[in-house]
Undergrad: 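Okay, handing you the structure first.
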Amino acid sequence: MSFVNLNDNNLQKRLSREFRFKVYCIMAMTFALGFVLFLFTSIFSTGYSAFYKTMIPIEISLSSVVSDSNSFALMTNEEINDLSIYSLSKKNIYNLFPNITDRKEKKEILKIFSYEFEDEIKNFLKDNKENINDINIIYLTASDDIDQLHKGNFPRDIPEKRRRLSDLQLSFYDELILENKIETEFNFPFFTRGDSREPELAGIGGALAGSFFTIIVVLILSLPFGLLAAIYLQEFAPQNKFTDFIEININNLAAVPSIVFGLLGLGILLNTFGMPRSTALVGGVTLSLMTLPTIIIATRAALRAVPPSIREAALAVGATRMQAVMHHVVPVAMPGSLTGAIIGIAQALGETAPLLLIGMVAFVVDVPSTPVDPSASLPVQIYLWAESAERGFVEKTSATIMMLLGLLIILNLTAVIIRRKFETKW
Amino acid sequence: MNETKIITNNVNVYYGEKQALHNVSMNMQANEVTALIGPSGCGKSTFIRCLNRMNDVIDTCKVEGTITIDGYDIYSKETSVEKLRERVGMVFQKPNPFPKSIYENVAYGPKIHGIANNKNELDEIVENSLKQAAIFDEVKDRLHEPGTALSGGQQQRLCIARAISVNPDIILMDEPCSALDPIATARIEELMEELKKDYTIVIVTHSMQQAARVSTKTGFFHMGNLVEVDKTEVIFSNPSNKKTQDYITGRFG
Amino acid sequence: MNILSLFIILIIAFIGYFVGRSRANSIRNLSGKRLTSISHYYGYYVAIWSLVPAAIVFLLILIFNDYFVTNYVLSGYEDLENSSRDLIMAQIENTRNGIQLANSLDSNIIAAVKKLNYIESQYRISGFIVVLSISAYLFVHASIKISPSLDSRKIVERVFLILFFSCSLIAILTTVGIVISLLFETLKFFNSVPILDFLFGLNWSPQRAFVSDVSELVPEDIAGAFGALPLFAGTFLIAFVAMCIAIPVGLLSAIYMAEYASSNIRNIAKPLIEILAGIPTVVYGFFAALTVAPFVRNSGMSLGLEVSSESALAAGFVMGIMIIPFVSSLSDDVLNSVPRNLREGSYAMGSTKSETIIRVLLPAALPGIIGSFLLAISRAIGETMIVVMAAGLAAKLTANPLDAATTITTQIVVILIGDQEFDSPKTQAAFALGLTLFIVTLLLNYIALRVVKKYSERYE
């Protein structure tokens, strides 16, 4: 009798079926993992370029504004703000291409710069009061279209009519390239500025601050309430109908679609309680209600994992139930509960839908400085920019996604580290 | 014969519908070791947990009858379980030190009862308790290391130190050696010999040899009934009940 | 009434803790006997007395302040309706804040502003005094009451327990809040639109009912504009596409992880797949709109098919990817909990691995796996951002995945984003949609959890 029977047709068939099945499984797995990879590379490859911006140096002579360039040293910032240097700036910008004389064509020169060039020049003056010369080299932000052109995202080969840059502007760009006058630098303002209609000026500073305040509110509300509720339900609640009812409620809330919490925020917080619309405060309260079940469920699981012998040990030396729980059980369960809380916070940080309903989608230029200022949040900013038509917002959106994913990865890693490091093993 | 410390009278215990103990009446003398033996599930652990009301933790558990310690009914309304457990310490089957430092383990009881007035007194209590539990020499250099890092036998002695830190009258031991190796068991048994000078000890054990070695008096439980209680020598040499006879000769159990 | 008084009572409570503790300590040292509780419970005792009643009064005043202020200021206008009272109040407040609207600067309003300022400052000062004196009085009272026989531990622990209990009530309050906010508006909505027209109507065009002057509306017009069936169909279509992706991929991945993968691969692959669940949905939405939808459209066109740029296929595909982990994680757990002996029985008869999986494990684990599908469907139905960004906006009854379809969640967002006009059937319709969504997902979850629970009981 032999166990090696490779001529058995039936067995052959079964084995090849086995092989096929395994291949399907591996394909499914690869598909899912491949998609993670694809998503990340696609976002990163479109987004990384938003972290630098295109600048064009121009020479500016200020002799017509002030008699002596040293006098800037004596001026306050307000006085510099009051200077009218718009036409002077224009003149200096036109000097970049001395052979252009036609007025219409001159206007096109202006359009290769971001429209806030006057402010940029004033900021330069404010920052360098002591060292202003008669002729200064100032780097001005290029307009979004030039920026995109320089980053290789702007299709040049389509007909002029369907392009946002004219042939003339393209020739300006080529000339600047030849003269080595197009430079890039790290886009620091992207992290500090608020939103703007102009992609080259828009930043995520406002959204970052909004998310920060929202998360602070979520932390302040959901963490203590979640912890205490979980401790009560797991350690003290009598076994009765009412406790069951609370538990059913919590489990259901964990499964309610997030947009329903948005409706709650709109219907109760805004319209009934009259809380301020579009603010991180309302966003935070709404998201706290959403995060609460996650924290409660995680904390209860952590408490359940503490062996009963610890409670007994404390009770046997005469501790009350409250002391046994607060002194011994809760500290042991803390890492698990914090892990759950961090995961809940990460969910809240990435949540968008409820915020749309409570008005955190307003176009906010100013960076909010308190939780009751109108603000956006990172995911909402992604939504807002994703809906904009300009090519420049695509890379900004991707870059914002990179920031958001980065924060989420940091949060989740923290959770993993806490779990690994502080969890008591039995 | 020493004075009588604990008297139980017609104790019945129910878990929900199920009756776990039937009319248990027995006395335990001060400064003696009383052993409770019997096959598993016979109710001896249930009985010992009535003596410091650890059964209160279980919602469905109901205790009938009277248990008095020094003549005081511990199931009376005015009894504070915390005070009771301060006077009646307990050591469990599996060593269960708190996941804290050795020092914290022993200091916890005195702290919550406000026994020490200051840090020095507390240090003294911790040291004395550890000495009494015959573990001080092994741990004196690492008082602030976690108690869970000790060996099983050391952990159990730490738990004994924790139990005596609040200066109880009585120590209940619920199969304290069942998770330990023979050497560690021998050390605990030696320790009990020492401890009974100061404390009344009630021990549940599944090992008849252990009962014979350490106890003055032995009670035999079977199916929730106290079958027989007498001087240990009598129980092991000349029991009056047939069931006891069968059990100690190894016919069942 | 302001935050300052809250701050001061917090400080009083803080001091109270130390006063209580040191008083307990000194009593103990004098008598040489132990107190009923250890000293810091006496500290908490004083702190609780100084803080809790005063804080409750503070909250009450905060809640009813507006009511009394409004009543006082509008004391001449009792016969007005509530909404116009609110309007006048808003006008008065605007005037005070220097925001002048068309018909302000009328002498009544100026008088009212004065009244408002007066009463507010009165309330502020008296509230401040009341709260502080309660706190201070109880602080002294509690400190005096400290004695060796006072069982402060019992009292303090009871207060803590009540606090813990109240925290757990938040879950109920949230549910009640959701139900009330949804039900309230929905009932109003069904006043103007019959419920059957809403559930079975074929035409969804809420903007038609959204005209500048409500009185111009013909009731039939409103009723005819809110037929939500196309939304239900669209939601179902997109969820169906999503499940077509998520079920095979999720289930096969789960089988691979549970049965084939070595523990090393499993430890890496499982968290990697779960990343998919951790990515914010707005990212998927962006990805669907920017990459997947054009791709679907272009490949459809190259095959000669008419594909909408907001096709249900694109949105459903991305949503399917998002819910893969919901299927795979739970199915993986379920497969792992199938008892070993079932597996061994099958292997012992010479079955191959795949035969064991298909013939033995899957049937045994079926209820749990179906539970995971149901949970995934409920996720898909409630998902918002992907469909808002990648699905269509116009309601159209279609079963063609290449067509644009809109969903319940999309319409809620479309209606409520930006400024809404309240009390219009359009906004109320969003709440009615929300209630429908709430009920459906709740039912799905309930059934799923029941199924999973039944299953896990079977192998316990």
Side-chain angles (χ1 to χ4, degrees), chain A residues 14-15 17-18 21-22 24-26 28-29 31-33 35-36 39 42 225 228-229 231-233 236-237 245-246 249-253 255-260 263-264 266-268 271 289 292-293 296 320 322 346 350-353 356-357 361 379 382-383 386 394 397 401 404-405 408 412, chain C residues 153 157 160-161 163-165 167-168 170-172 174-175 177-178 181-182 184-185 248-249 252-253 255-256 260 269 272-273 275-276 278-283 285-287 289-291 321 324 352-355 378 382 384-385 389 409 412-413 416-418 422 431 434 437-438 441-442 445 449:
Chain A
R14 284 174 59 201
L15 287 180
R17 215 184 302 143
E18 161 73 20
F21 187 76
K22 191 173 176 182
Y24 294 149
C25 288
I26 293 179
M29 197 72 194
F31 175 76
L33 295 183
F35 194 88
V36 177
L39 187 94
S42 125
F225 280 112
L228 297 188
I231 292 172
Y232 176 78
L233 290 174
F236 298 107
F245 181 60
I246 298 180
N249 263 304
I250 290 171
N251 291 332
N252 283 340
L253 282 180
V256 168
S258 61
I259 191 160
V260 173
L263 290 171
L264 167 77
L266 175 63
I268 302 277
N271 291 336
L289 296 178
L292 209 58
I296 294 180
T320 59
M322 179 74 75
E351 195 54 71
T352 325
L356 299 185
L357 300 196
V361 270
I382 292 170
Y383 167 74
V394 173
T397 314
I401 290 176
L404 180 60
L405 289 179
L408 292 180
N412 281 298
Chain C
R153 182 173 71 182
E157 290 193 345
F160 278 162
L161 201 60
L163 174 73
F164 288 16
F165 173 69
C167 287
S168 71
I170 300 241
I172 293 183
T174 311
T175 311
I178 289 177
S181 63
L182 293 180
F184 203 59
E185 299 294 324
V249 176
L252 287 174
S253 306
I255 290 175
Y256 182 75
Y260 286 105
L272 277 181
I273 285 194
I275 287 182
L276 285 173
I279 295 174
T281 53
V282 68
V283 176
F286 174 66
F287 189 70
L290 187 79
T291 313
I321 302 279
I324 287 173
T352 62
K353 222 167 190 173
S354 62
E355 285 163 352
S378 121
T384 310
M385 289 322 290
M389 294 169 83
T409 49
I412 296 177
V413 171
L416 292 182
I417 203 166
F422 239 72
F431 283 85
L437 184 66
F438 181 68
T441 50
L442 215 60
N445 278 297
L449 290 181

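Hydrogens, waters and symmetry mates play no part in the numbers below; they use all other heavy atoms, side chains included. Here is how names work: the chains are called A, B, and so on, in the same order as the sequence lines, proteins then strands, and each is numbered from 1.
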Undergrad: How close do C:Ser168 and A:Tyr232 get, counting heavy atoms only, and between which atoms?
TA: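 Closest approach of C:Ser168 to A:Tyr232: OG-CD2, 3.6 Å.
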
Undergrad: Using non-hydrogen atoms and a 4.5 Å limit, figure out which bit of A:Phe236 sits close to chain C: side chain, backbone, both or neither.
TA: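 When you check distances to chain C, only side chain atoms of A:Phe236 fall under 4.5 Å.
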
Undergrad: Can you say whether C:Ile324 sits under 4.5 Å from chain A via the side chain, the backbone, both, or neither, judging by heavy atoms?
TA: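 It is the side chain, since no backbone atom gets that close.
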
Undergrad: Given heavy-atom pairs under 4.5 angstrom as the criterion, report whether the side chain, backbone, both or neither of C:Ile273 touches chain A.
TA: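 When you check distances to chain A, atoms from both the backbone and side chain of C:Ile273 fall under 4.5 Å.
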
Undergrad: If you round to the nearest 0.5 Å, how far is CD1 of C:Ile255 from CD1 of A:Ile26?
TA: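 It comes to 12.5 Å.
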
Undergrad: Please flag which part of C:Ile172 lies under 4.5 Å from any non-hydrogen atom of chain A: side chain, backbone, both or neither.
TA: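 The answer is both parts of C:Ile172.
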
Undergrad: More than 12 heavy atoms of other residues, nucleotides or ligands under 6.0 Å from CZ of C:Phe184: yes or no?
TA: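 No, the 6.0 Å shell around CZ holds no more than 12 heavy atoms from other groups.
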
Undergrad: Testing the basics here: between A:Phe225 and C:Cys167, what is the closest heavy-atom pair and its distance to 0.1 Å?
TA: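 Heavy atoms of A:Phe225 and C:Cys167 come nearest at CD2-SG, 3.4 Å.
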
Undergrad: So, for A:Phe35 and C:Phe287, is the gap between ring centers shorter than 6.0 Å?
TA: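 Judged by ring-centre distance (under 6.0 Å), A:Phe35 and C:Phe287 do meet the cut-off.
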
Undergrad: What pair of heavy atoms forms the shortest contact from C:Pro248 to A:Ala28, and how long is it?
TA: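 Answer, listing the atom of C:Pro248 first, then A:Ala28: O-CB, 4.5 Å.
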
Undergrad: For the interface with chain C, which of A:Ile401, A:Leu263, A:Ile268, A:Val260 has the highest count of heavy-atom pairs at distances below 4.5 Å?
TA: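 Maximum pair count with chain C is reached by A:Leu263.
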
Undergrad: Could you report the tightest heavy-atom contact between C:Leu272 and A:Val36, atom names first, then the distance?
TA: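 Taking every non-hydrogen atom into account, O-CG2, 4.0 Å.
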
Undergrad: OG1/C:Thr174 to CG/A:Asn252 distance, rounded to the nearest 0.5 angstrom?
TA: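 Rounded to the nearest 0.5 Å, the OG1-CG separation comes to 12.0 Å.
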
Undergrad: Measure distances from C:Thr352 to the heavy atoms of chain A and classify the residue's part below 4.5 Å as side chain, backbone, both or neither.
TA: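 Answer is both: backbone and side chain atoms of C:Thr352 are under 4.5 Å from chain A.
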
Undergrad: Side chain, backbone, both or neither: which part of C:Leu163 has a non-hydrogen atom closer than 4.5 Å to chain A?
TA: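 Contact with chain A involves the side chain of C:Leu163 alone.
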
Undergrad: Quick check on C:Thr291 against chain A: is it the side chain, the backbone, both or neither that has a heavy atom closer than 4.5 Å?
TA: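 Interface part for C:Thr291: side chain.
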
Undergrad: Considering only heavy atoms and a distance below 4.5 Å, find which of A:Asn412, A:Val394, A:Thr320, A:Asn251 pairs most often with chain C.
TA: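 Maximum pair count with chain C is reached by A:Thr320.
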
Undergrad: C:Gly177 and A:Leu264: which non-hydrogen atoms are nearest, and at how many Å?
TA: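 Reported closest heavy-atom pair: C-CD1, 3.2 Å.
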
Undergrad: Side chain, backbone, both or neither: which part of C:Ile412 has a heavy atom under 4.5 Å from chain A?
TA: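 For C:Ile412, backbone and side chain are both near chain A.
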
Undergrad: Roughly how far apart are C:Ile170 CD1 and A:Asn249 CG, rounded to 0.5 Å?
TA: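 Atom-to-atom, C:Ile170:CD1 and A:Asn249:CG are 12.5 Å apart.
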
Undergrad: Could you give the distance from CG (A:Leu289) to OG1 (C:Thr175), rounded to the nearest 0.5 Å?
TA: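 One finds 10.0 Å between CG of A:Leu289 and OG1 of C:Thr175.
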
Undergrad: Between A:Phe31 and C:Val249, which heavy-atom pair has the shortest distance, and what is it?
TA: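 Heavy-atom minimum between the residues: CD2-CG2, 3.7 Å.
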
Undergrad: Given that the side chain runs from C-beta out, which part of C:Ile321 has a heavy atom under 4.5 Å from chain A: side chain, backbone, both or neither?
TA: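 Side chain of C:Ile321 only, per the 4.5 Å heavy-atom cut-off to chain A.
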
Undergrad: Pick whichever of A:Ile296, A:Leu404, A:Leu39 has the most heavy-atom pairs under 4.5 Å with chain C.
TA: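 Highest number of pairs under 4.5 Å: A:Leu39.
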
